[in-house]
A.B. asks: 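Dropping a structure here in structure tokens format, bear with me for questions.
We use all heavy atoms of the structure for the numbers below, so side chains are in, but hydrogens, waters and symmetry mates are not. Read the numbers this way: they start at 1 and go in the same order the structure lists the ligands and their atoms.
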Amino acid sequence: MQKFRITGGLSLKGEIEVSSAKNSILPIIAATILCDDECVIENFPILEDVSVICDVLRSLNVDVKADVVDSILKINGKSMHSLNLSENLIRKMRASFLVLGPLLSRFGKARVYMPGGCNIGLRPIDLHLKGLSALGADISIVDGCVEISAKKLIGSTVYLDFPSVGATENLIMAATLAEGKTVIENAAKEPEIIDLAIFINGMGGDIEGAGTSRIVIHGVKKLKGVRHVPIYDRIEAGTYIALAAITKSKIKIKGVNEEYLRPIISKFYEMGLKINFDGSDIIVDGNVDLKPINIKTLPHPGFPTDMQPQFMSLLSLVSGTSTIVETIFENRFMHVMELRRMGANISIYDRVAVIDGVKSFVPSRVKATDLRAGAALILAALSCKGESEITDIYHIDRGYAQIENKLKNLNAKIVRIDE
Ligand code: UD1
């Protein structure tokens, strides 16, 4: 187990580069097995979750070569044979379940262990299964495993009760090699869905409407290999904007665009933060007094749940009362306990957090309870004078590539320590 020791209270300065999006590359890596050619993914982020999904493919006998020096992943599913995904790999990362759609699409069957809930919520898979069943799949749950098969997948219209990101991705991948036309109504509209569609269309797929609530997939017979660079990580970028604000620093954040960040920056603007776009860079000057705001997490293009904990840290230091309503995950306030340990004044009423601003955090030893909770604690620790420790940082390594090196470039004092 490792922990971060952070000496906070310093003013940060300089540039920070945003990596490719974790939530883009995971489904894209799963989609590579839709063909039996080599796919090349450039600029892949060195993240624990990326290692896990690569291990998932290796366990299916897919050839995966990761060149960490040039950040290039080469994946070839030609010799793939196993269609069983172990419990261990699903337990390590829920997103491993994304191989279900491609396996079914290419091989007509799969056996994948059921993902359980996780720290932030129950996270059922009913929408994934309902959608695949509408395409003609037979599904049974045996000894905790989803056994799925279809002689032939046939295009259909699927209405998602909720615009689930993972269900939309699994359905797109399953429908790509199905016969005829599939329509996904009330689909998720996240930028990462658009990226997946661009990737599959590059392989020869025929997907229209990604990024809207109605996605139309015309099934094709075969796909070929493709080269792709995933989009940038909008949640990582948003975390660094919050970092500039909470440390009252001026930081340049590189490799982003305005479009994908809009739901996040509109809340920063409402607080009074100054953000200047300059091509693919943004410059944030955090040296301003911020105003309290009200936030409600929603599916895209609403405010993303993955930025909720980071805003919670920032709002904890804003004079006045702010509120956050979490509508996506039922248990995503675990960071509140840790932020309270650091002196935050937050009350929880079911899914509503009421945050009364305090002058500063108090350096403490706290625990990262999940990925974005860990990011929120890094922000809190960097904002306050003195030494804090964050334990269980394997959660942070799942989604922030080389975070301590990036932060050190900004003059932050952060060290990784083996416990
Ligand atoms: C993805 C993201 C995650 C983000 C989340 C919401 C990846 C790898 N992860 O997760 O970072 O926080 O979107 O933006 O891209 N649900 C059901 N039944 C289902 C599927 C989902 O009820 O079959 C519910 C979930 O329990 C949750 C809500 O729908 O309450 C949203 O989940 P979903 O959009 O599926 O999130 P993920 O794809 O798991």
A.B. asks: If the cut-off is 4.0 Å to any non-hydrogen atom of Arg332, which atoms of ligand 1 fall inside it?
C.D. replies: 12 (O)
A.B. asks: Just need the protein heavy atom nearest to atom 35 (O) of ligand 1, so name the residue and atom and give the distance.
C.D. replies: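 Result for atom 35 (O) of ligand 1: Ser164 OG, 2.6 Å.
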A.B. asks: Between Ile253 and Ala237, which heavy-atom pair has the shortest distance, and what is it?
C.D. replies: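 Taking every non-hydrogen atom into account, CD1-O, 4.2 Å.
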A.B. asks: Hey, does Ser140 have a side-chain heavy atom less than 4.5 Å from the side chain of Glu147?
C.D. replies: yes
A.B. asks: Identify the closest protein heavy atom to atom 30 (O) of ligand 1: which residue and atom is it, and at what distance?
C.D. replies: Ile328 O, 2.6 Å
A.B. asks: Report the C-alpha distance between Arg365 and Lys3 in whole Å, list the side-chain angles of each, state the deciding distance to 0.1 Å, and finish with yes or no for side-chain contact (heavy atoms from CB on, under 4.5 Å).
C.D. replies: CA-CA 10 Å; Arg365 182 181 161 91; Lys3 63 183 177 187; 3.7 Å; yes
A.B. asks: Which heavy atom in Asp37 sits nearest to a heavy atom in Gly225, and how many Å separate them?
C.D. replies: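 Looking at all heavy atoms of both residues, the closest pair is OD2-N, 3.0 Å.
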A.B. asks: Numbering the atoms of ligand 1 from 1, which are under 4.0 Å from a heavy atom of Gly166?
C.D. replies: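 Answer, ordered by atom number: 35 (O), 38 (O).
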A.B. asks: So, Arg332 and Thr305: side-chain donor and acceptor under 3.5 Å apart, yes or no?
C.D. replies: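 Present: a donor and an acceptor within the cut-off.
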A.B. asks: Looking only at distance, does Leu127 have an N or O less than 3.5 Å from an N or O of ligand 1?
C.D. replies: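 Yes.
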A.B. asks: Looking at every non-hydrogen atom in both residues, tell me the closest pair between Arg106 and Met80 and how far apart they are.
C.D. replies: NH1-SD, 4.0 Å
A.B. asks: Distance under 4.0 Å to a non-hydrogen atom of Asp306: what atoms of ligand 1 satisfy this?
C.D. replies: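 Checking each atom against Asp306, I get 3 (C), 4 (C), 11 (O), 12 (O).
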A.B. asks: As a quick check of understanding, evaluate side-chain contact (heavy atoms from CB on, under 4.5 Å) for Ile41 and Ile72, giving each step before the final call.
C.D. replies: CA-CA 6 Å; Ile41 302 164; Ile72 289 183; over 6 Å; no
A.B. asks: For ligand 1 and Arg123, I'd like to know whether there is a polar contact (N/O to N/O, distance under 3.5 Å).
C.D. replies: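 Checking ligand 1 against Arg123, an N or O pair does fall under 3.5 Å apart.
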A.B. asks: Protein heavy atoms: any of them under 4.0 Å from atom 17 (C) of ligand 1?
C.D. replies: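 Given the 4.0 Å cut-off, atom 17 (C) of ligand 1 counts as touching protein heavy atoms.
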A.B. asks: When you compare ligand 1 with Asn23, is there at least one nitrogen or oxygen pair between them that comes in under 3.5 angstrom?
C.D. replies: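 Looking only at distances, the answer is yes, because the N/O contact criterion of under 3.5 Å is met.
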A.B. asks: What protein heavy atom sits nearest atom 34 (O) of ligand 1, and how far off is it?
C.D. replies: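 The closest heavy atom on the protein side is Val165 N, 2.8 Å.
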A.B. asks: May I ask you to identify the nearest protein heavy atom to atom 6 (C) of ligand 1, giving residue, atom name and distance to one decimal place in Å?
C.D. replies: Thr305 CG2, 3.9 Å
A.B. asks: Could you tell me the residue and atom name of the protein heavy atom closest to atom 28 (C) of ligand 1, and the distance to it rounded to 0.1 Å?
C.D. replies: Phe162 CE2, 3.6 Å
A.B. asks: Nearest protein heavy-atom contact for atom 19 (C) of ligand 1: which residue, which atom, what distance?
C.D. replies: Pro124 O, 3.0 Å
